[in-house]
Amino acid sequence: YPPQPTYPPQPTYPPQPTYPPQPTYPPQPTYPPQPTSQSGYPQQTCTQHFHITTHLNGYVLDIPGSNRENGVKIITYPKNSPPSDNQLWKFDYQPDGTFLIISKLHGKVLDCGGQTQGTELIMWDRHGGNNQRFRKEGNHIVSLSGLTLDIQGGNTAPGAHIILWSRNNPPSNNQKFDFTSA
């Protein structure tokens, strides 16, 4: 295996409260039947917004500072109450069974820039390319390269970055996410 990339040190944050080992999430919503494309896959855009919640500590994917620029790196952060647009997402399902993850804040989409291990997840204008398309495999969100979303280094502090990484075996909570109602 190639050596793992070296990352700059993460900022130091005050200790966080202890969380239960496995939070219980409500079931994922079901969608009404939609017309199908010629390939037979459903064509649908989810109009409801969701949090993307990690199993690691219950934090959600967050656009830091509600930044509207292309290239801003996605982090995990405690869920805001009331919900804020920089933590809310909807899904645009594609004819091939993949989906785009769209921010409520500005309509930009999650983008993995590159398709290599260690690539950081960013926000970018929607173009629908392979680097903006994902699929759900159980609790994993997987890019078209086959790499899964991963909280870098299993970092439990607010502000931890999301990267692409090979799926851990056995599975680990820093690679498991649920779509939870806002």
Side-chain angles (χ1 to χ4, degrees), residues 19-20 22-70 72-112 120-144 147-151 158-164 171 173-182:
Y19 294 94
Q22 276 292 356
T24 302
Y25 299 105
Q28 292 187 18
T30 55
Y31 301 101
Q34 298 290 322
T36 58
S37 67
Q38 291 178 341
S39 66
Y41 287 101
Q43 291 180 323
Q44 59 187 23
T45 297
C46 177
T47 56
Q48 182 180 1
H49 287 90
F50 298 89
H51 289 104
I52 300 176
T53 307
T54 173
H55 284 217
L56 184 63
N57 55 11
Y59 287 178
V60 297
L61 295 192
D62 180 286
I63 302 168
S66 295
N67 189 322
R68 294 177 177 270
E69 298 296 320
N70 280 337
V72 65
K73 296 175 183 177
I74 301 305
I75 63 171
T76 60
Y77 204 78
K79 189 185 305 182
N80 293 331
S81 182
S84 58
D85 291 352
N86 65 314
Q87 295 182 340
L88 294 174
W89 312 91
K90 69 179 180 179
F91 309 98
D92 185 7
Y93 292 90
Q94 304 298 295
D96 65 356
T98 62
F99 54 87
L100 304 176
I101 303 174
I102 306 166
S103 169
K104 183 177 183 184
L105 177 67
H106 45 45
K108 293 180 188 283
V109 299
L110 290 183
D111 188 301
C112 43
E120 291 184 295
L121 204 62
I122 60 172
M123 294 306 304
W124 203 264
D125 292 328
R126 179 181 178 158
H127 55 72
N130 288 347
N131 55 317
Q132 294 184 343
R133 294 167 42 205
F134 300 89
R135 63 184 182 275
K136 191 97 162 43
E137 294 179 3
N139 294 112
H140 295 89
I141 301 172
V142 181
S143 73
L144 289 188
L147 299 172
T148 189
L149 269 59
D150 179 289
I151 300 170
H161 287 208
I162 304 297
I163 61 171
L164 293 179
N173 286 337
N174 68 309
Q175 294 185 339
K176 293 181 181 180
F177 298 87
D178 285 318
F179 303 151
T180 56
S181 296

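Numbers for residues simply follow the sequence, beginning at 1.
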Study note, to complete from the structure: So OH of Y59 and NE2 of H51: to nearest 0.5 Å the spacing works out to 14.0 Å

Review point. Quick one: CD1 on I74 to SG on C112, what's the gap to the nearest 0.5 Å?
Key: 12.0 Å

Check your understanding: Are the side chain of H140 and the backbone of V142 linked by a donor-acceptor contact shorter than 3.5 Å?
Key -> no

Study note, to complete from the structure: In short, I162 meets F177 closest at the heavy-atom pair CD1-CZ, 4.4 Å

Check your understanding: L110 versus M123: any side-chain heavy-atom pair under 4.5 Å?
Key -> yes

Check your understanding: Does a side-chain heavy-atom distance below 4.5 Å link E120 with L164?
Key -> no

Point to revise | Test item: Q87 side-chain N/O and P78 main-chain N/O as donor-acceptor pair under 3.5 Å | key: yes

Review point. Do other residues, nucleotides or ligands put more than 12 heavy atoms under 6.0 Å from Y77 OH?
Key: no

Check your understanding: Between T54 and I151, is any pair of side-chain heavy atoms under 4.5 Å apart?
Key -> yes

Check your understanding: For the side chain of T148 and the backbone of I141, is there at least one donor-acceptor N/O pair under 3.5 Å apart?
Key -> yes

Review point. Quick one: CD1 on I122 to CD1 on I63, what's the gap to the nearest 0.5 Å?
Key: 12.0 Å

Review point. Taking all atoms of both residues into account, what is the closest heavy-atom pair of I102 and G107, and its distance?
Key: CG2-O, 3.7 Å

Exercise for review: Side-chain contact test, heavy atoms from C-beta onward, threshold under 4.5 Å: evaluate it for L121 versus L149 and give yes or no.
Suggested key: yes

Revision key, fill the gap. One should read off an interatomic distance between I75 CD1 and H161 NE2, to the nearest 0.5 angstrom, of 7.0 Å

Review point. Side chain of Q132, backbone of D125: donor and acceptor closer than 3.5 Å?
Key: yes

Check your understanding: Which pair of non-hydrogen atoms, one from L61 and one from W89, has the smallest distance, and what is that distance?
Key -> O-NE1, 3.6 Å

Practice item. Report yes or no: is the cationic atom of K90 (NZ for Lys, CZ for Arg) closer than 6.0 Å to the six-membered ring centre of F179, at no more than 45° off its axis? Key: no

Check your understanding: Does the side chain of V60 reach to within under 4.5 Å of the side chain of I52, using non-hydrogen atoms?
Key -> no

Review point. Looking at NZ of K136 and CD1 of I101, how far apart are the two atoms once the value is rounded to the nearest 0.5 Å?
Key: 9.5 Å

Review point. Any idea which heavy atoms bring L88 and A182 closest together, and the distance?
Key: CD2-CB, 3.4 Å

Exercise for review: Determine, stepwise, if the pair T180 / T53 fulfils side chain to side chain donor-acceptor pair (under 3.5 Å).
Suggested key: CA-CA 7 Å; T180 56; T53 307; 2.8 Å; yes

Revision key, fill the gap. CG of N57 to OG1 of T76, rounded to nearest 0.5 Å, is 6.0 Å

Point to revise | N80 side-chain N/O to P82 backbone N/O, donor-acceptor pair under 3.5 Å | key: no

Check your understanding: Quick check: does any side chain N or O of Q94 sit under 3.5 Å from a backbone N or O of D92, one acting as donor and the other as acceptor?
Key -> yes

Point to revise | Note, L56 side chain near K176 side chain (heavy atom, < 4.5 Å) | key: no

Review point. Is a side-chain donor or acceptor of K104 paired with a backbone partner of H106 at a separation under 3.5 angstrom?
Key: no

Exercise for review: For the residue pair V109 and F99, establish whether any side-chain heavy-atom pair is separated by less than 4.5 Å.
Suggested key: no

Revision key, fill the gap. Correct closest heavy-atom pair for F134 and S143 would be CD2-CA, 3.9 Å

Exercise for review: Might you point out which heavy atoms bring Q48 and S181 nearest each other, and give the distance in Å?
Suggested key: NE2-OG, 3.6 Å

